[in-house]
Amino acid sequence: MKNIVIVLTGGTIAMRIDPNIGAAIPSLKADELIGEVKAHIKGTQIIERELFNIPSGHVTPEKMELIKKAVEEALADPDNVGVIVTHGTDTLEETAYFLDITINNKKPIVVTGAMRNASELGYDGELNLTASIATVLNEESKGLGTLVVMNNEVHSAAQVTKTNTLSVNTFKSPEFGPLGIIDNDEVLYYRREKSVKKILTSHIESKVALVKMAAGVEGDIIDFYVDHGYRGIVIEALGRGNVPPKTLPAINRALENNIPIVLVSRCATGRVLGSYGYLGGGKGLFESGVINGGALPGQKARIALMALIGAGKNKNEIEDFFKI
Ligand code: ASP
C-alpha cells in the first residue's frame, strides 16, 4: 500500500462561515477536511499531519520553516510516495516556492487549497485534494519539484501566481501556462519544467523588505529599512527595471551598507534588463551593484533572497541564483 502524507496548515480549504461573525474563519478538523476524500481513494493510505489551522496571511517565515520540516520528515520515510500541503491561497505561492527552492527530493510535493469555504456551494477543497492525490501518484510528477494543484491544473511553484481575488480559476502561470491537467483522476502533462536552483538551508532571514515603485515615489521607505536593520531589499521596479530618480540616493546608501538589493518588475510578466540608460534606468542600477532578479514576481524574489541570506550566501552567490 502506498502512503501519502497530507500536511494541513489552514486556509479557506479548512474554513466555514461563522454564524456570529458572518464571515469565514478556520474551523475544519483534519477528519472533516479529509474524511470524504479518504473514503473515495482506493489503494492509497492517506496520513494526515495537522500542523496548524491558520489563514495564509498569518504564515510567517518561521511557520514556513515548520512546514518544510514536516514535508522533509514525511519524504524521508520510504513508505511515503509524496506529500500534499494544504494552505491558504493568499500566500500559497510563497510557501510553495520556498519548498521548491529549499527541498532537494524527487518525490512529488503538491501544495493546494480552496477558493470556496466548506459552507459555500461549490466548495472546491475536495476536488483540489483528489486532484493533488492523483498528481502525487503519477510517475511523471517525480523530479518536477514542488507543484501547485488547483482547479484541475498542475503548475510549477516557480511560475504560478494567484491572479484573481475570487475565481476558482485564480492560479495561473502567466508566462508559460500550466504543466498539465487532471482529467477524471488522470494527470496529463503537456510540458516539463527545468528544475529550479536549490538553496539548501533550514533557516530563512525574515528581515527582507519588498518595496514597490510607482510614479514619483521617493526613497524614504528604503531609508527606513536600512535604518531598521533589514538585511536585504527586493524592489518591484517599473517596466523593464527602472526606478524614479528620487529613490537613487536611498538605493545607493543601502548598497554602501552592503544590503543586497534585488530588482524585479511590477509588470505581471517579463524579466528586467538594463535596457535604459537614463537616470533611474536599469543599466545604471545594475552597474551600481543592484542584482537582476529576472522574471520573478516581487513576493517570490523576496522568498529567494530570504533563503539566500539565511543560508549565508555572498553577493556573487546571490547573483548566480537569480541568473536563468
Ligand atoms: N484568505 C484565505 C487564506 O489565504 C484565502 C484562501 O485560502 O483561499 O487563508
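Every number for a ligand or one of its atoms is a count from 1 in the order of the listing. Residues: numbered from 1 along the sequence shown.
- For the side chain to side chain donor-acceptor pair (under 3.5 Å) criterion with Glu93, the lone passing option out of Lys300, His155, Gln299 is Gln299.
- Residues lining ligand 1 at a heavy-atom distance below 4.0 Å are given as Gly11, Thr12, Met15, Pro55, Ser56, Gly88, Thr89, Asp90, Ala114, ordered by chain and residue number.
- Legend: ring pair (Phe, Tyr, Trp, His ring centres under 6.0 Å) pairs involving residues 277-314, not counting sequence neighbours, sorted by first then second residue: Tyr276-Tyr278.
- Neither Leu28 nor Leu51 shares a network with the other; the hydrophobic side chains, linked directly or stepwise wherever heavy atoms of I, L, V, M, F, W or Y lie under 4.5 Å apart, form separate groups for each.
- A donor and an acceptor atom, one from each side chain of Thr95 and His87, are located under 3.5 Å apart.
- The main-chain N or O of Ile259 is never found under 3.5 Å from a side-chain atom of Asn257 such that the two would form a donor-acceptor pair.
- With salt bridges taken as basic N to acidic carboxylate O contacts below 4.0 Å, none links Lys172 and Glu153.
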